[in-house]
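For reference, the structure is listed below as structure tokens.
Order of appearance sets the numbers: ligands from 1, and atoms from 1 within every ligand. Note that the numbering runs from 1 along the sequence shown for the chain.
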Amino acid sequence: MIYLGSDHAGLELKKLIQKHLQEKGEKEVDLGAFKIEPPTDYPEIAHEVAEKVVENQGSKGILVCGTGIGMCMAANKHAGVRGANCESKGTVEMSRKHNDSNVLCLGGRVLDTKTALEMVDTFLDTKFETEERHVRRVQKIEKPK
Ligand code: RB5
């Protein structure tokens, strides 16, 4: 399952991502926002999506705000969420391979649609590299000293 969320600034790109996922036959659910007006505070939606990703093992989240930054900051407050705020396919790929990212945070105001959809595909298609060093490092993310 893929949980989608956006604020007003990410709504348009989120809808395009949702359509793309539906065309690919992916199971998705949109947790809001559903309207541009009134504007939505991005942390509210980030927390909704993060809770679902933590509750449902193996699921993923895609969050879109103006830059992806605020969404990522809020989502990463949840234990078990590894949100990646990316602006290229390459960084999305590395976030999956080395960091086991489970929430992709995108900027609706900074990405063109083609790039964003390619990034979504990369996020879904790239596997975590399960070498011991990557597993060990990802575990350490959850344990600040
Ligand atoms: C909303 O104007 C904007 O601040 C928000 O979408 C996001 O970019 C925050 O990180």
Kindly confirm or rule out a cation-pi arrangement of Lys60 over Phe123, judged by NZ or CZ under 6.0 Å from the six-membered ring centre and within 45° of its axis?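 Lys60 over Phe123 ring: yes.
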Does Phe34 have Lys15 sitting over its ring (NZ/CZ under 6.0 Å from centre, angle to axis within 45°)?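 Not satisfied by the 6.0 Å and 45° rule.
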May I ask you to check whether over 12 heavy atoms, not counting those of Glu142, lie within 6.0 Å of atom CD?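 Yes - once you tally the heavy atoms of other residues, nucleotides and ligands closer than 6.0 Å, there are more than 12.
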Consider only side-chain heavy atoms of I, L, V, M, F, W and Y, link residues closer than 4.5 Å, and tell whether Ile17 and Val92 are in one cluster.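 Same cluster: Ile17 reaches Val92 through Ile, Leu, Val, Met, Phe, Trp or Tyr contacts under 4.5 Å.
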Treating Ile, Leu, Val, Met, Phe, Trp and Tyr as nodes and any side-chain heavy-atom pair under 4.5 angstrom as an edge, say whether Leu31 and Met73 lie in one connected cluster.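 Different hydrophobic clusters.
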Distance dump, ligand 1 polar atoms to protein, N/O, under 3.5 Å:
{"residue": "ligand 1", "atom": "2 (O)", "partner": "Arg109", "partner atom": "NH1", "Å": "3.3"}
{"residue": "ligand 1", "atom": "6 (O)", "partner": "Asp7", "partner atom": "OD2", "Å": "2.6"}
{"residue": "ligand 1", "atom": "6 (O)", "partner": "Gly66", "partner atom": "N", "Å": "2.7"}
{"residue": "ligand 1", "atom": "8 (O)", "partner": "Gly66", "partner atom": "N", "Å": "3.1"}
{"residue": "ligand 1", "atom": "8 (O)", "partner": "Thr67", "partner atom": "N", "Å": "3.0"}
{"residue": "ligand 1", "atom": "8 (O)", "partner": "Thr67", "partner atom": "OG1", "Å": "3.3"}
{"residue": "ligand 1", "atom": "10 (O)", "partner": "Thr67", "partner atom": "OG1", "Å": "3.4"}
{"residue": "ligand 1", "atom": "10 (O)", "partner": "Gly70", "partner atom": "N", "Å": "2.9"}

Should the pair Asp121-Lys89 be classified as a salt bridge under the 4.0 Å nitrogen-to-oxygen rule?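 No salt bridge links Asp121 with Lys89.
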